[in-house]
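Here is the structure we will look at.
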Amino acid sequence: MRKTKRKKHTKTITKIVLFSGILIGGGIGIVTIMNRNVPEKRLMEYMKYIEKGEYEQMYAMLDQKKSSMNSKEEFIERNSKIYEGIEMSDLSITDITAKRKENGNAAVSYTTNMQTAAGNVEFTNNAVFSHNWTGYHLIWQDQLIFPELSATDKVQVTLEEAKRGNILDRNGRQLAGEGTASSVGIVPGRMENREDTIKKLAEYLGIGADEIEDKLKADWVKADSFVPVATIPKIQEVDLLTVNPDETVLEEKEKQDTLLKIPGIMLSDVKVRTYYLKEAASHLVGYVQAVTAEDLQEHKGEGYRTNSVIGKTGLETLYEKELKGTDGCEICIVDANGNKKSVIAYEPKKDGEDIHTTIDGDLQSTLYEQFKEDRGCSVALNPYTGEVLALVSTPSYDDNDFVRGMDNSQWSALNENEDRPLYNRFRQTWCPGSTFKPVIAAIGLKVGAFTANDDFGNEGLAWQKDSSWGDYTVTTLHDYAPVILKNALIYSDNIYFAKAALKIGADQLMQSLNQIGFNQELPFDIKMSESQYSNMDKIETEIQLADSGYGQGQILVNPLHLASIYTAFLNDGNMIKPYLHADGGSTSSEIWIKDAFSPQIVSEVMEGLEGVVNNPEGTGYGACREDIRLAGKTGTAELKATKEDTSGTEIGWFTVFTTDRDTKNPILLISMVENVKDIGGSGYVVEKDKAILDEYLGNEQFLPLNITNVRGK
């Protein structure tokens, strides 16, 4: 009896489990069957398929005998072209009401809301469902897409491309804007010898013949089509009419003339993004390129299309949101003859904003021309306002090449160049050498480690604290007396500033440097590398501390940060915040770090900095002027593996600035050249900066911006 009952009980459980499995496994099917008998839910199901672009599932829901579409292929093509063409998204339906008819059919009214390329679209509509033993099936008509749409109508999408904003310098000169280039291409029907024509064009452009063949084989190409192959610089007649035309322009003109003699090859003007300062500002301005699939995914919903461009580097990417604008779009229904029946949605275009910068294009170009053969960088600003006047990195590249397109040889030449023209040097940190000595001086005076008149004693040309340093010594180049702050700056005495750092102490020095922006992000539009005083968390040894005193050791400083520190010597000890974006041409200065040093300290340091340039013994005397008072500091940083290393390089610096607030063109200029070891040391940089200042300070056309407000005081 027990065995029989147990067997019977087990059998019953098995049946229940099996039945539960049917319910669970077929749950979706049951829900679908239930939906088929509710027209409102059938409509919602259909709309979800539209949202997902599942056109085959949409077609499967139709009463195919009563619907107007003849085949599944026609249905899919009609729906996909319209919904994808208008860039439909976020489809929803509301206010759903069903009315069942006596024959079992049902009419469902509803309101549709969707996003399109031309903005939001909302309309009321009706759907009719037939009914049979399997449930309700949609009787599809073209009006289901849009109420006004008939079977012979088309949905037309018209785009109006927004103009990208210009990037302008302080005087309204274009740094980036719309320009004209030449599109070189082939008209197939005019070629006399196809193979020879393609070969010659490939050689001229530096690309493969197969690449040109692929373009000629495109489906749209006809015998009289102009098939663009590449974009090249347009030769302007004005450039040819100058007294001494540029040789590269003449060579390019000759090559283009030769090319145009080949039947089938033509040039056509094309509008392209153009960078007017070319190599002089490429690291600053950057460039745009055609969007990639990754760009479209990353910026989904931001109005980018497959033919859009997007900023890739520099100001072009920094201000992409403001520059790009929004394309205009009209979605309308046209009849079989192309006549507009109705407008479904319209979004006017919105051109991108112009970006006004504080950059002086002439100064930017002058700096580049002086240093274009050197590996280095320059920054210039108005020390009283913080307006950045120039940011230059050399050597450089022509950002127009990235817009027009480069062949493999051009790209390889840029990437394999040992001087690294693509490397943006003004964003990096560098060993500052003696340009750091005024900073040590100001900190030492601030913490009371010494006074400006303390005589540190004449140690000759080599010194070490004591025998604990082993064979390590600090060396200097000049023997002078008395060994006080002013003279130490004029003669750029390494020994004095090594002693100064030791008097300050590692903890006080690190704390003081942190207070003036070390180990923190510079408050500037362009992200700069952070200045540091150690590769680790702190200055670890006494020798490292001593070396830090004259800008060696592990001290690394960003040039723009260094310039900002120097502004304290002209603003009663307040460090001015550098900025680049001049909103509408009128701007305000802002204090970044208030009371970095006291006015008394500034006065004592400035006495030495003025002597550097104006005293015949000063290391920067080569830049001295009679008409305008200048001050500054030179620097030579040695980069070598060991003290005995003779193969290391030397970084040359010169920081120079006008000292009178009423100077017509106030400027603080810092230039750095990576290797000056065998070309005159920092004197090489002084000479070049002098030539720049001679041109800039005599520039009658330069007009400073209006200063409407000073914040932070």
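In this chain, residues are counted from 1 in sequence order.
The side-chain hydrogen bond (donor to acceptor under 3.5 Å, both in side chains) pairs that include a residue from residues 222-233 number zero, where partners must be two or more places apart or lie in different chains. The ring-ring contact (aromatic ring centres under 6.0 Å, His included) pairs that include a residue from residues 72-94 are Tyr59-Phe75, Phe75-Trp140, where partners are two or more places apart or lie in different chains. Residue pairs meeting the side-chain hydrogen bond (donor to acceptor under 3.5 Å, both in side chains) criterion with at least one member in residues 309-322, sequence neighbours excluded, are Arg164-Glu316, Arg164-Glu320, Arg273-Glu316, Tyr275-Glu316, Asp295-Lys312, Tyr304-Glu320, Tyr319-Asp525. Within the structure, every pair that satisfies the salt bridge (Lys or Arg N to Asp or Glu O under 4.0 Å) test and touches residues 261-272, not counting sequence neighbours, is listed here: Lys234-Asp269. Applying the ring-ring contact (aromatic ring centres under 6.0 Å, His included) rule to pairs touching residues 173-205 yields nothing, sequence neighbours excluded. For the ring-ring contact (aromatic ring centres under 6.0 Å, His included) condition, no pair includes a residue of residues 326-355, sequence neighbours left out.
Here Arg427 pairs with nothing under the side chain to side chain donor-acceptor pair (under 3.5 Å) rule; sequence neighbours left out. The ring-ring contact (aromatic ring centres under 6.0 Å, His included) search around Phe146 returns Phe123, not counting sequence neighbours. Residues that satisfy the side chain to side chain donor-acceptor pair (under 3.5 Å) test with Gln64, not counting sequence neighbours, are absent from this structure. For Asp327, the salt bridge (Lys or Arg N to Asp or Glu O under 4.0 Å) partners two or more places apart in sequence, or in a different chain, are Arg305. Residues satisfying the side chain to side chain donor-acceptor pair (under 3.5 Å) test with Asn120, not counting sequence neighbours, are Gln115. Taking Lys215 as the reference, Glu211, Val227, Val229 meet the side chain to side chain contact (heavy atoms under 4.5 Å, CB included) condition, with sequence neighbours excluded.
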